[in-house]
Amino acid sequence: MKPLAGDANVIDLKPLTSLRFIAAGMIVAYHAKNYFLWSWANNAPFTLIMGVSFFFVLSGFILTHVYTSKAMRSYGHFIRARFARLWPLHVATLILLVMLVKPDSITFDGPGLFSKWITLAFNIALAHSLIPFFSYVYSWNAVSWSISTEMFFYLLFPFLLKDIQRTSGKKIIAAALAFFVLILVLSIYQAPFDGGVNELTIQSATYANPIARSFEFCMGMAAWVVWDRYLRNAKMSTLLWSLIELIVIATAALWLWKIYFAIASWLPGPYLSQVLKLSGSAWLFAIVIVCFASGRGYIGRLLSARLCVFLGEVSFSVYMVHQILMKAVVGWLPKESIHTVPFVCVLLICATVLHLYIEMPCRDLLLGTKRITRSR
């Protein structure tokens with residue numbers, strides 16, 4: 001593990017950067033079933049969409065790692081740095097959406113507050129995940145709901161970080177209680193589980209809501225405390241680390257492909273099912289992150305390879321552009337002519353261009369720096 005350039009005290013956890021690409025790939029595979037006739041994608045399990053949950057847990061872990069290793073200059077500087085991380089690519093992909101996708105496939109439109117121009121204003125401001133209707137949550141570049149939610153985590157992070165070594169457990173409990181109160185309010189209101197895009201439902205009021213998703217972020221912060229306290233300097237052989245990595249991978253695969261569905265089918269009522277859907281895999285992702293953070297096993301070393309790390313660095317661009325490209329391609333070509341390998345190649349090329357020429361330079365411009373820093 002080496003310090004990041006320009007951050008002498010921050011250890012670069014390369015395997016975690018690489019794992020971001022795997023999580024982004026899960027989401028790409030999940031969305032592919034909605035657009036393409038790929039048999040493997042159509043048979044992909046529902047749990048692939050939980051790659052977003054992995055991002056939230058990882059975000060809490062990485063931010064805690066970085067800002068317990070170096071001083072935060074000020075609240076304003078921190079927020080500006082986080083804004084510079086998200087907003088340029090968000091705006092760039094909005095422009096690509098308008099340029100490449102047919103107008104009737106761009107976003108929802110409706111009367112009054114559901115007008116596409118009002119949802120666009122909320123979208124540009126990264127505030128659309130707060131509005132409990134899918135016509136807002138999934139407006140314009142639909143996947144951007146997650147960075148809207150992430151932005152609210154950033155606003156709270158400096159306060160959550162305070163005394164994190166001692167209070168991480170309390171913060172997880174507080175986040176869980178906040179989610180419970182939200183569910184309780186919805187049950188009192190007797191909100192339906194599902195409905196139209198302009199209707200208040202259990203799903204629309206929780207899926208993107210920062211209150212509902214904060215448990216995952218706090219779980220990531222607590223995972224860092226565990227890693228720092230027990231595993232950061234643990235003395236184990238490479239072979240033992242590799243065995244642990246294999247056990248964790250097997251556990252993750254078994255959960256996502258089998259156990260999750262078994263538990264979901266057993267749970268009574270929609271409320272507990274929604275809790276499982278949103279936060280039920282956070283514990284698993286926390287274990288994966290803690291296991292691979294140090295990269296001391298053979299799999300961790302493989303994830304530290306330069307190509308894997310680069311793919312992880314472009315994963316944000318992959319995530320932000322993939323659904324736009326899917327909508328554009330099915331608007332141009334018959335579905336039966338669209339094959340996996342050519343599409344993935346085009347997606348990676350587009351993501352790399354966006355990462356190198358939009359995401360990184362614009363971030364440096366907004367922060368007033370001349371150097372190119374590694375994505376975190």
Side-chain angles (χ1 to χ4, degrees), residues 20-46 48-49 51-52 55 86-110 114-117 119-124 126 128 134-148 196-197 208 310-362:
R20 288 173 51 196
F21 181 75
I22 296 175
M26 289 170 61
I27 299 165
V28 172
Y30 176 79
H31 285 154
K33 68 172 68 177
N34 298 324
Y35 296 95
F36 304 139
L37 302 177
W38 300 343
S39 58
W40 67 266
N42 291 327
N43 295 324
F46 164 83
L48 290 180
I49 198 62
V52 176
F55 283 133
L86 300 179
W87 197 73
L89 189 59
H90 175 50
V91 173
T93 51
L94 277 174
I95 294 171
L96 283 176
L97 177 71
V98 174
M99 291 174 57
L100 300 178
V101 177
K102 292 180 178 179
D104 58 352
S105 299
I106 289 179
T107 191
F108 305 105
D109 196 9
F114 299 106
S115 165
K116 62 184 178 181
W117 304 117
T119 63
L120 177 61
F122 277 87
N123 200 288
I124 292 175
L126 286 176
H128 51 301
F134 280 140
S135 54
Y136 274 83
V137 171
Y138 294 147
S139 61
W140 298 86
N141 186 12
V143 299
S144 68
W145 71 265
S146 63
I147 63 170
S148 173
V197 295
F310 179 76
L311 289 174
E313 290 173 345
V314 303
S315 62
F316 180 42
S317 294
V318 169
Y319 175 76
M320 290 296 290
V321 80
H322 78 274
Q323 199 170 40
I324 295 172
L325 195 58
M326 288 175 178
K327 289 180 178 181
V329 169
V330 296
W332 300 335
L333 301 171
K335 288 186 176 182
E336 58 271 14
S337 68
I338 304 169
H339 300 288
T340 303
V341 173
F343 177 83
V344 170
C345 290
V346 172
L347 174 59
L348 288 176
I349 291 170
C350 291
T352 300
V353 170
L354 286 169
H355 174 68
L356 294 178
Y357 298 103
I358 299 292
E359 182 183 348
M360 295 177 72
C362 289

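Remember, it's a predicted structure, so these values are computed and weren't measured experimentally.
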Give me the atom names and distance for the closest heavy-atom approach of [X] to [Y].
X: V330; Y: I338; value: CG1-CD1, 4.1 Å
X: A328; Y: V101; value: N-CG2, 4.1 Å
X: I358; Y: P88; value: CG2-O, 4.1 Å
X: L48; Y: A29; value: CD1-CB, 3.9 Å
X: S139; Y: T107; value: CA-OG1, 3.4 Å
X: S146; Y: V52; value: CB-CG1, 4.2 Å

Donor-acceptor under 3.5 Å ([X] side chain, [Y] main chain):
X: S135; Y: V197; result: yes
X: N141; Y: M320; result: yes
X: H355; Y: V318; result: no
X: D109; Y: K116; result: yes
X: W87; Y: I124; result: yes

[atom1]/[X] to [atom2]/[Y] distance, rounded to the nearest 0.5 angstrom?
X: L96; Y: L89; atom1: CG; atom2: CG; value: 9.0 Å
X: F108; Y: S115; atom1: CZ; atom2: OG; value: 14.0 Å
X: H31; Y: K327; atom1: NE2; atom2: NZ; value: 9.5 Å
X: I324; Y: T93; atom1: CD1; atom2: OG1; value: 4.5 Å
X: N34; Y: Q323; atom1: CG; atom2: CD; value: 7.5 Å
X: I106; Y: L97; atom1: CD1; atom2: CG; value: 5.0 Å

S148-H90 side chain donor-acceptor pair, cut-off 3.5 Å: no

Among W140, F134, Y136, whose ring pair (Phe, Tyr, Trp, His ring centres under 6.0 Å) with Y138 holds? F134

Over 12 non-hydrogen atoms of neighbours within 6.0 angstrom of CZ in F310: yes

When the ring planes of W40 and W38 are compared, do they come out parallel, tilted or perpendicular, using 30° and 60° as the limits? parallel

Any idea how F55 and Y319 line up, ring-wise: parallel (<30°), tilted (30 to 60°), or perpendicular (>60°)? perpendicular

Using side chain to side chain contact (heavy atoms under 4.5 Å, CB included), reason through Y35 and V329 one step at a time and then give a plain yes or no. CA-CA 9 Å; Y35 296 95; V329 169; over 6 Å; no

Counting C-beta onward and ignoring hydrogens, is there a side-chain heavy-atom pair between P342 and V346 closer than 4.5 Å? no

From CA spacing to verdict: side chain to side chain contact (heavy atoms under 4.5 Å, CB included), F316, L354: CA-CA 10 Å; F316 180 42; L354 286 169; over 6 Å; no

